[in-house]
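Note sheet for the following structure.
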Number of protein chains: 2
Amino acid sequence: MIGCDPMNSRYSRATQQLKKHNIRLSNRRLKVLECLCNKLDHPTADQIFVNLHKEVPSLSKTTIYNTLHTLVEIGLVRTLNIEANKTRYDIITEDHGHFGCQTCGRIFNVNIELESLAKGELSGFNIWERNLYFKGICQKCLLNKNKNREVVY
Amino acid sequence: MIGCDPMNSRYSRATQQLKKHNIRLSNRRLKVLECLCNKLDHPTADQIFVNLHKEVPSLSKTTIYNTLHTLVEIGLVRTLNIEANKTRYDIITEDHGHFGCQTCGRIFNVNIELESLAKGELSGFNIWERNLYFKGICQKCLLNKNKNREVVY
DNA sequence: AATAAAAATGTAATCATTACAATTTTTATT
DNA sequence: AATAAAAATTGTAATGATTACATTTTTATT
């Protein structure tokens with residue numbers, strides 16, 4: 001099940017992958033990786049920065065970008081372009097989709113199998129990446145909205 | 001069939017919609033709309049600007065953004081966030097997906113029905129928008145690559 | 001400890017987009 | 001047609017995410 005993988009397992013598998021690619025397990029890189037494993041809410045580079053800044057004040061944003069690019073390059077992390085001008089990062093690379101709530105801003109994971117989609121039409125194409133996302137209002141926000149309605153009117 | 005609609009039909013339906021929403025059919029707005037109807041290759045705001053600048057040199061980028069926002073607001077145009085930090089605009093609002101070639105940069109339309117996807121899991125959610133995109137290399141670029149291989153090696 | 005390679009840093013630059021105040025155009029009313 | 005109000009458009013400056021790059025720090029190897 002997506003998201004149910006214990007953090008340590010994902011983290012240790014990632015470090016193994018880094019070793020395999022001869023990428024050093026520097027403290028900074030591991031911090032970024034750790035952050036991605038802990039925060040599965042698809043953080044932006046800036047959110048990772050803010051998050052780690054408490055712990056490692058000298059960590060620069062450039063290092064975060066560098067590390068994220070490295071992780072994306074070797075396929076350990078995927079980018080999400082749901083919102084314009086805001087790249088989000090997802091350590092869960094297994095086949096799934098997303099739902100972005102336009103009220104609370106949360107990005108939900110959606111269990112969905114994308115491998116089989118559009119196989120025929122794209123038969124001559126080389127597919128590297130499949131992305132499905134929905135936009136709308138999540139259940140919780142819909143309920144809140146109705147609650148507020150009752151109060152206001 | 002997607003993309004097979006004659007430009008004039010789509011354009012005139014769009015102007016009707018604008019009227020219906022009490023949005024003036026100014027020359028500038030119509031130029032942007034016309035450009036979107038002619039260029040179905042999912043242009044960016046800048047590409048629209050460059051394209052129209054030849055014809056209407058005094059047209060500002062702000063007006064293009066303003067118009068695009070208006071068109072998106074009333075549902076005549078959809079935004080595409082395939083690439084990071086680059087919003088593309090699509091006048092074809094009918095249900096379909098996209099394929100972005102990472103070699104030539106072209107965005108292909110993919111006939112695919114998205115309405116029925118993830119209905120169950122998102123049953124309590126209000127879905128405004130569904131987006132599916134693929135990344136990879138298109139057929140033509142794959143063939144070119146192989147051609148080059150033969151020459152080089 | 002000396003050296004070379006890799007990693008990390010801070011600053012400045014870039015690029016898309018937005019904010020906003022000023023100007024021009026259009027519309028409705030007289 | 002004159003006028004006032006509303007809407008549209010403009011240019012400039014600001015913002016915010018990301019990248020470029022030169023410099024410094026860390027690490028691995030001798």
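In this text the structure is predicted, and so the values were computed from the model without any measurement. A, B, ... follow the sequence lines: proteins, then strands. Residue 1 opens every chain.
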For the rings on F134(B) and F108(B), is their centre-to-centre separation under 6.0 Å? no
Side chains of H42(B) and N109(B): donor-acceptor distance under 3.5 Å anywhere? yes
Judged by modelled atom types alone, do E129(B) and N131(B) share a side-chain donor-acceptor pair under 3.5 Å? yes
DNA chain D in dot-bracket form (Watson-Crick or G-U pairs under 3.5 Å, [ ] crossing, | inter-strand) is ||||||||||||||||||||||||||||||
Separation of dT17(C) C1' from Y89(B) OH (nearest whole Å): 8 Å
Counting only side-chain N and O atoms of H69(B), is one of them less than 4.0 Å from OP1 or OP2 of dT17(C)? no
Given that N27(B) and T87(B) both sit by DNA chain C, which one's nearest nucleotide is further toward the 5' end? T87(B)
Would you say L33(A) and C35(A) make side-chain contact, with heavy atoms under 4.5 Å? no
Name the closest nucleotide to the T62(A) side chain, picking from dA20(D), dT27(D), dT18(D). dA20(D)
Let me know the distance between CZ of R29(A) and P of dA7(C), rounded to the nearest Å. 4 Å
Using the salt bridge (Lys or Arg N to Asp or Glu O under 4.0 Å) rule, take D46(B) and K61(B) through it: C-alpha gap first, then chi angles, then the decisive distance, then the call. CA-CA 8 Å; D46(B) 190 67; K61(B) 221 175 228 186; 2.6 Å; yes
Just the rounded figure in Å: distance from C1' of dT26(D) to CG of L59(A). 15 Å
Between Y65(A) (OH) and dA7(C) (P), how many Å, whole number? 20 Å
Toward the 5' end of DNA chain C, by each residue's nearest nucleotide, R24(B) or A45(B): A45(B)
Atom CG of L52(B) and atom P of dT9(D): how far apart are they, to the nearest Å? 13 Å
What is the distance from CD1 of I64(B) to P of dT9(D), rounded to the nearest Å? 11 Å
Considering heavy-atom distances to DNA chain D, does A84(B) or V56(B) have its closest nucleotide positioned more toward the 5' end? V56(B)
I need the CG-C1' distance between N66(B) and dT12(D), as an integer number of Å. 15 Å
If I take atom CD1 in residue I48(A) and atom P in nucleotide dA17(D), what distance separates them, rounded to the nearest angstrom? 13 Å
With a 4.0 Å cut-off on heavy atoms, is S26(B) in touch with a base, just the backbone sugar-phosphate, or nothing at all? sugar-phosphate
F99(A)/Y133(A) aromatic ring centres below 6.0 Å: no
Using a heavy-atom cut-off of under 4.0 Å over every strand shown, decide if S58(A) touches base, sugar-phosphate, or nothing. sugar-phosphate
Counting distance only, does the side-chain N/O of T70(B) pair as donor-acceptor with the main-chain N or O of N66(B) below 3.5 Å? yes
